Amino acid sequence: MSDLKNLLGYSEPIFNASMAGAAGGAMAAAVSAAGGVGMIGVAPTPTADWISAQAAHVAELDSPWGVGFMGWALEADLSPLESFLQYNPSLIVISFGDVTRAAALAHEAGVMTAMQIGNAADLDRAMHNDIDIIIARGGEGGGHGRNESGTLPLLQLACTQHQKPVVAAGGIGTAGGVAAVLAAGAEAAWIGTRFLATKEASGHENLKAAVRASGLDDTVYTRAFDIAQQLDWAPEYGGRALRNSFSNRYAEAIDSLQATEKLREQMIRARAEADISMAPVYAGEAAEFVRREESCAEVLAELSGFRRILQEAAARFA
Ligand SMILES: Cc1cc2nc3c(=O)[nH]c(=O)nc-3n(C[C@H](O)[C@H](O)[C@H](O)COP(=O)(O)O)c2cc1C
């Protein structure tokens, strides 16, 4: 097994997932300062001002931090990656799309790379030399990704390659969840939804409150929001979000969803007004474990209970 902990220099094997719109510099700095790996999630076309404002939170940290991009957005424009590389991140994560040029650029700058995988073909791609760390992400997870495998089978598959460190993602929301993926061979957990309603998360309070009020059965995997907004997500990457009136309308009839200009404008307005009956609230099944407003440090402190759980399990089966 590799030693990702020493390679990246974290003390808690917990990364906050890069989440565009939710994980900015404030979250990354808080997670990194609490011993994990803080990640900034970058939207498809960030402004230069946004990049410098997020980087200001993390650029002077002694602890590790990184930046996550959508591969398909970097295919069109590498400049957001070039900008962030100037701040010396510890890690660049590229997911969903062709990662080749972006990974090469990160390596040229001497920065480690990771990729979220969602199926066996993704794992084959991630075995190329340009990817250093594999993030096995199951369909339980929030936000965009594949919905082809659950976290545990994908993680077990990824661990069979015995060459690159594996990080587990999707549905991890408790210390027990962290313990489970570490026991199965992951070197760390990549966690999004559990951090969504933290004090340091960006995003409207309506969205945070909706996540806190939701449970295991309240999410849906859908392309409805992307079709309505005419976004450039490839069809294999739907997103897991809280069910709402809009997603319910197309749950059984996605083909009847017409991408009109009027609908696009309605969806943009709903997002601007944080109208959660129509706008997407991306979140995974681990919404079940988000119940109150916490700081990222409090979430990390709770999740670090994985050590006791692993010890108790070892003692029970000794
Ligand atoms: C609100 C939200 C936004 C997300 N945005 C991104 C993103 O910008 N880039 C990315 O690679 N993954 C994104 N994801 C997916 C996460 O990286 C990760 O796969 C997922 O959160 C893990 O599952 P979990 O939510 O159950 O912890 C997002 C997830 C959520 C919930």
Side-chain angles (χ1 to χ4, degrees), residues 14-24 27-28 31 36-46 50 54 66-74 80-81 84 91-97 99 102 113-118 122 133-147 149-152 154-155 167-174 177-178 180-181 186 188-198 201-204 207-208 210-211 214 216 218-221 225-226 231 233 237-242 271 276 279-290 299 303:
I14 291 161
F15 297 54
N16 74 270
S18 50
M19 299 184 284
M27 183 185 292
V31 169
V37 180
M39 295 293 306
I40 296 172
V42 183
T45 51
W50 183 87
Q54 307 317 307
V67 191
F69 296 89
M70 295 160 194
W72 58 265
L74 292 180
L81 172 58
F84 267 113
L91 176 67
I92 293 294
V93 180
I94 317 146
S95 313
F96 320 134
V99 305
T113 59
M115 173 182 156
Q116 293 188 72
I117 67 161
D122 285 350
I133 302 165
I134 293 166
I135 304 173
R137 179 204 187 275
E140 308 90 312
H144 286 85
R146 296 188 195 273
N147 196 29
S149 173
T151 299
L152 208 45
L154 190 63
L155 174 61
V167 173
I172 304 165
T174 64
V178 176
V181 297
W190 170 271
I191 298 179
T193 298
R194 183 65 207 273
F195 285 103
L196 263 185
T198 56
S202 317
H204 196 281
L207 277 64
K208 294 185 179 187
V211 174
S214 299
L216 197 67
D218 294 329
T219 71
V220 61
Y221 181 82
F225 300 110
D226 294 332
L231 297 178
W233 281 99
Y237 303 118
R240 185 167 294 282
L242 302 185
R271 290 188 60 174
I276 58 164
V281 180
Y282 284 112
E285 293 179 8
E288 173 69 34
F289 309 111
V290 183
V299 173
L303 296 178

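For the numbers below, each heavy atom of this structure counts, side chains included, while hydrogens, waters and symmetry mates do not. Positions are given from 1, in the same order as the sequence printed here. All ligand and atom numbering here is 1-based and tracks the order in the structure. The structure presented is a predicted model; accordingly, all values stated were derived computationally and were not measured.
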Chi angles and distances behind the salt bridge (charged side-chain N to carboxylate O under 4.0 Å, His left out) call for Arg137, Asp122
CA-CA 11 Å; Arg137 179 204 187 275; Asp122 285 350; over 6 Å; no
With respect to atom 17 (O) of ligand 1, which of Trp190, Tyr282, Phe15, Phe289 exhibits the smallest heavy-atom separation?
Trp190
May I ask which of Arg194, His144, Arg137, Arg240 has a heavy atom nearer to atom 19 (O) of ligand 1 than the others do?
Arg137
Looking at ligand 1, would [X] count as a contact under a 4.0 Å heavy-atom criterion?
X      : result
Gly171 : yes
Gly170 : yes
Phe96  : yes
Gly41  : no
Ser18  : yes

Measure the spacing between NZ of Lys208 and CD1 of Ile276 and express it to the nearest 0.5 Å.
14.0 Å
Write down the atom of Gly41, the atom of Ser18, and the distance for their closest heavy-atom approach.
CA-CB, 3.6 Å
Closest non-hydrogen atom pair between Met39 and Asn16, with its separation:
N-OD1, 2.8 Å
Any N or O of [X] that comes nearer than 3.5 Å to an N or O of ligand 1?
X      : result
Gly142 : yes
Ala20  : yes
Gly141 : no

Identity and distance of the protein heavy atom lying nearest atom 28 (C) of ligand 1:
Met19 CG, 3.7 Å
Against heavy atoms of Thr193, which atoms of ligand 1 measure under 4.0 Å?
24 (P), 25 (O), 26 (O), 27 (O)
For residues Trp72 and Tyr237, establish whether the separation of their ring centroids is below 6.0 Å.
no
For Arg240 and Gly142, indicate whether the former's side chain and the latter's backbone hold a donor-acceptor pair under 3.5 Å.
no
Any donor-acceptor pair under 3.5 Å linking the side chain of Thr151 with the backbone of Gly170?
yes
